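Keep in mind that this is a model prediction, so the values were computed, not measured. By convention here, the first residue in the shown sequence is residue 1.
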Amino acid sequence: MCGGFTCSKNALTALNILYVVVGFILIVAAVYGRASALVTNLPIIGGILACGVFLILVSILGLFGAIQHNQVMLFFYMVILFLLLLVQFSVACACLAVNMDEQQQLAKQGWSRVDNELKSEVQRTFSCCGFDDKIHQVNDSMGHPDCSKDPICCPAGSREDCTCPPCMSKLQSTIDYAFKLCGGIGLFFSFTEFVGVWLTVRYRNQKDPRANPRAFL
């Protein structure tokens, strides 16, 4: 019967294997979001990355607890998974709730903190020039390297002939996609963690038919 001890054990084991896969998916999504943004310091995406790594570690604990039916391991696994569920759900909702203006502010903060070498890399990668269409001094935190050396932006080698748009217009869609990707994945799989908590509570209270009846806690 599916509600028995063996079924619960197999279901919890399979669920933890799924969590390992989910953890790697979250890591890949967060790394993609951070790499695509390049200059933006996105702590929310960092939270998704941390959740992915932590979920893999918790899944290993859950696998050992499910296979051995260890009450202590299952208890700590249940508590940690529930806390991770709260954090991941909150971070995912935050990713989906960030609007365009807030994304621009995050990108602006990231641009002002990085050096000219990274700014130059962003300009080459996205074929853009500067953060926005405002004029900034070179030594200003919002300044940028000279774009006249870029043959794509300035084929004639002069600033007057530069045709590349500001980098923010190129980064906007990439940043928005990164937020939506991380938020959607995190929100979807947070519900599977709720199933894991419920299944663990049920499995802990079930008796192993092959074990000594007096050894059951």
Side-chain angles (χ1 to χ4, degrees), residues 1-37 40-98 174-217:
M1 56 182 297
C2 190
F5 177 86
T6 303
C7 180
S8 298
K9 178 180 180 179
N10 294 337
L12 189 60
T13 302
L15 191 62
N16 280 281
I17 295 175
L18 175 64
Y19 287 159
V20 174
V21 178
V22 171
F24 281 111
I25 292 176
L26 290 175
I27 292 173
V28 171
V31 170
Y32 170 78
R34 177 170 291 180
S36 61
T40 54
N41 183 16
L42 303 179
I44 295 179
I45 293 181
I48 291 288
L49 177 62
C51 284
V53 175
F54 198 61
L55 182 60
I56 294 177
L57 298 178
V58 174
S59 301
I60 296 175
L61 176 64
L63 279 173
F64 281 104
I67 294 173
Q68 299 178 6
H69 197 229
N70 188 295
Q71 297 289 309
V72 178
M73 286 186 178
L74 290 173
F75 173 78
F76 282 106
Y77 167 75
M78 176 180 62
V79 173
I80 295 173
L81 187 64
F82 179 74
L83 295 176
L84 183 62
L85 163 65
L86 296 179
V87 173
Q88 186 170 317
F89 182 80
S90 302
V91 172
C93 291
C95 283
L96 296 175
V98 174
T174 305
I175 295 174
D176 182 67
Y177 178 73
F179 269 106
K180 296 298 185 291
L181 177 65
C182 291
I185 293 176
L187 186 63
F188 176 78
F189 287 113
S190 63
F191 290 104
T192 66
E193 293 168 4
F194 174 79
V195 176
V197 173
W198 171 80
L199 192 59
T200 305
V201 174
R202 177 183 175 182
Y203 180 58
R204 285 187 76 244
N205 295 325
Q206 289 180 323
K207 187 176 181 180
D208 189 349
R210 297 171 298 178
N212 185 354
R214 296 181 180 179
F216 180 72
L217 298 179

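Smallest separation of non-hydrogen atoms from Thr200 and Gly196: OG1-O, 2.7 Å. Between Leu187 and Ser190, the shortest heavy-atom distance links the atoms O-OG, 2.7 Å. Considering every non-hydrogen atom in both Ala66 and Thr13, the closest pair reads CB-OG1, 3.8 Å. A pairwise comparison of heavy atoms in Ala92 and Gly183 identifies CB-O, 3.4 Å as the closest pair. Contact record, Ser8 with Arg202: OG-NE, 3.9 Å, taken as the closest heavy-atom pair.
Residue pairs that meet the side-chain hydrogen bond (donor to acceptor under 3.5 Å, both in side chains) test with at least one member in residues 19-28, sequence neighbours left out, do not exist here.
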Step by step, would you call Ile56 with Ile27 a side-chain contact (heavy atoms from CB on, under 4.5 Å)? CA-CA 10 Å; Ile56 294 177; Ile27 292 173; 3.9 Å; yes

Using the side-chain contact (heavy atoms from CB on, under 4.5 Å) rule, take Phe194 and Val197 through it: C-alpha gap first, then chi angles, then the decisive distance, then the call. CA-CA 5 Å; Phe194 174 79; Val197 173; 5.6 Å; no

In sequence, state the C-alpha distance, the side-chain angles, and the governing distance for Cys93 and Leu96, and then conclude on side-chain contact (heavy atoms from CB on, under 4.5 Å). CA-CA 5 Å; Cys93 291; Leu96 296 175; 5.9 Å; no

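For the atom pair SG of Cys95 and CG of Asp176, the computed distance is 11.0 Å after rounding to the nearest 0.5 Å. A distance of 9.0 Å separates CG of Leu15 from CD of Glu193, quoted to the nearest 0.5 Å. Taking CZ of Arg204 as the reference point, atom CG of Leu199 lies at 13.0 Å (rounded to 0.5 Å). In this structure, CG on Asn16 lies 8.0 Å from CG on Leu81, to the nearest 0.5 angstrom. The OH atom of Tyr203 lies 9.0 Å from the CD atom of Gln71; values are rounded to the nearest 0.5 Å.
Taking the side chain as every heavy atom from C-beta outward, Leu61 and Leu57 never approach each other to under 4.5 Å.
Of the candidates Val72, Ile60, Leu12, Tyr77 forms a side-chain contact (heavy atoms from CB on, under 4.5 Å) with just one, namely Leu12.
Proximity of a side-chain donor or acceptor of His69 to a complementary backbone N or O of Leu74 within less than 3.5 Å is not detected.
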